[in-house]
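Data first, discussion second: the structure below is written as structure tokens.
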2 protein chains.
Amino acid sequence: MGDDMADENISDLIERYLKEILADNEQVKIRRSEIAGLFDVVPSQINYVINTRFTIQNGYIVESKRGGGGYIRIEKVRLLDDIDVLDSLIEAIGNKLSKRDSETIVQTLYNNDLINRREVSIILAAIDKDAIDLNNSDLTDIMRANIMISILNRLRYEG
Amino acid sequence: MGDDMADENISDLIERYLKEILADNEQVKIRRSEIAGLFDVVPSQINYVINTRFTIQNGYIVESKRGGGGYIRIEKVRLLDDIDVLDSLIEAIGNKLSKRDSETIVQTLYNNDLINRREVSIILAAIDKDAIDLNNSDLTDIMRANIMISILNRLRYEG
DNA sequence: CATTCTTTGACTAATATTGACTATTATTAT
DNA sequence: ATAATAATAGTCAATATTAGTCAAAGAATG
């Protein structure tokens, strides 16, 4: 597996194409079918490329709209200098998250000056037991994990 | 292919046109067929734009009259105080909440200076589709409603 | 060979656009 | 006054135009 450009697959080419645009622009807005046509692949392959290569972990956020004039927009975000705390918290959460552990995490965020008091209470409201309760404590813990990870990912970048 | 806005759909253009007028005026009074002619669309598309983009949740009230000299008037409403904004938003949510409506609500919170940009994005992260998805779109909308109400209630006494 | 990554396409979902039909109000004719 | 007509706006369902999901097939990797 020499790092020869010739043996790149099409997904890699599409990735490279988009990243070249993103080297000069904060964001790129595409019509899915256009890019698919440009590389002669089915439209859903664009989703594959986005899902595997433009994730939030890599510092991209993706927004889209369907219908007439629809689009996919990929935006580069500036990651914070010190995201180690966030990354290790995300790593530690896994699939499920208890109420108790979630409170520990929020406390850690606050202690590390990653969020302020007001943000503490917004986050606690978002994962409040009564809000996300599903009459199934396993599902509740899964939901809490998902929401917390989503918020932690958001805190990884500026703006 | 950077951040150009040239390829919006017509409904977005009409929305933008009306909001530009509303930036300088408390209200805008139009003749439906005139605006339709201006953008070369059927008159009922104006209703579509109004119903999807100038709802009460977004801070507009719409009044109209048929017959000769008929019109549509869009008015920006000024909600009395913060509690009123929160109460009417909570009232409007009900049992389920779509992604689109949730974005409108967050926008309204921001427009009324109840939350800042960072809080906007934390809240959006908390109700992100991928975070709260349960492979059942009805349940997703219920979950989104619950979380949003929980957050709005928190803001209600958080100041 | 087993596993993981890529490619494909059928099906689904969201949003926009159109137009036929309806409802309301104003104006004109009787 | 009343009835007919004209001039508006509203509703709703059909169609068009996008993007998303998912699982199966194929390719690459180790």
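The shown structure was predicted, so the numbers you read here are calculated from the model rather than taken from an experiment.
Spacing between atom CD1 of B:I72 and atom P of D:dT11 amounts to 10 Å, rounded to whole angstrom units. A straight line from CZ of A:R32 to P of D:dT17 spans 15 Å, rounded to a whole angstrom. To the nearest angstrom, C1' of C:dT15 lies 13 Å from CD of B:E103. Whole-Å rounding puts the A:D12 CG to D:dT29 C1' distance at 14 Å. Remark: P of C:dT6 and CD of A:E15 are 9 Å apart, rounded to the nearest angstrom. Atom CD of A:E63 is separated from atom C1' of C:dT15 by 14 Å (rounded to the nearest Å). Rounding to whole angstrom units, CD of residue A:E8 and P of C:dT7 are separated by 11 Å. Between A:R31 atom CZ and C:dT15 atom P the separation is 16 Å, expressed in whole Å.
Residue A:G67 is in base contact, counting any heavy-atom pair closer than 4.0 Å across all strands shown. Here B:K99 lies out of heavy-atom contact (under 4.0 Å) with every strand.
The phosphate of D:dT17 has neither OP1 nor OP2 within less than 4.0 Å of any side-chain N or O from A:K65.
Ranking D:dG10, C:dT17, D:dT21 by closeness to the B:S64 side chain, first place goes to D:dG10. Nearest nucleotide to the side chain of B:S11, out of C:dT17, D:dT21, D:dG10: C:dT17.
For the 3.5 Å distance criterion, the side chains of A:N153 and A:Q57 qualify, holding a donor opposite an acceptor. Judged by distance alone, the side chains of A:S121 and B:R154 never bring a donor and an acceptor atom under 3.5 Å apart. A:S44 and A:N47 are not linked by any side-chain donor-acceptor pair at a separation below 3.5 angstrom, with hydrogens and angles left out of the test.
Only A:S44, A:N47, listed by number, bring a heavy atom of residues 37-55 of chain A to less than 4.0 angstrom from any atom of DNA chain D.
Counting only heavy atoms from C-beta outward, the side chains of B:I30 and B:I46 approach each other to under 4.5 Å.
Put simply, the side chain of B:R66 and the base of D:dG10 share no donor and acceptor less than 3.5 Å apart.
Two residues, A:G68 and B:K129, neighbour DNA chain D, and the one matched to the more 5' nucleotide by heavy-atom proximity is A:G68.
Under 4.0 Å is where a charged nitrogen must lie from a carboxylate oxygen, and between A:D101 and A:R144 no such pair does. Ion pairing between B:D12 and A:K65 holds under the 4.0 Å rule for side-chain N and carboxylate O.
No cation-pi contact links A:K76 to A:F54, judged by a cut-off of 6.0 Å to the six-membered ring centre and 45° from its axis.
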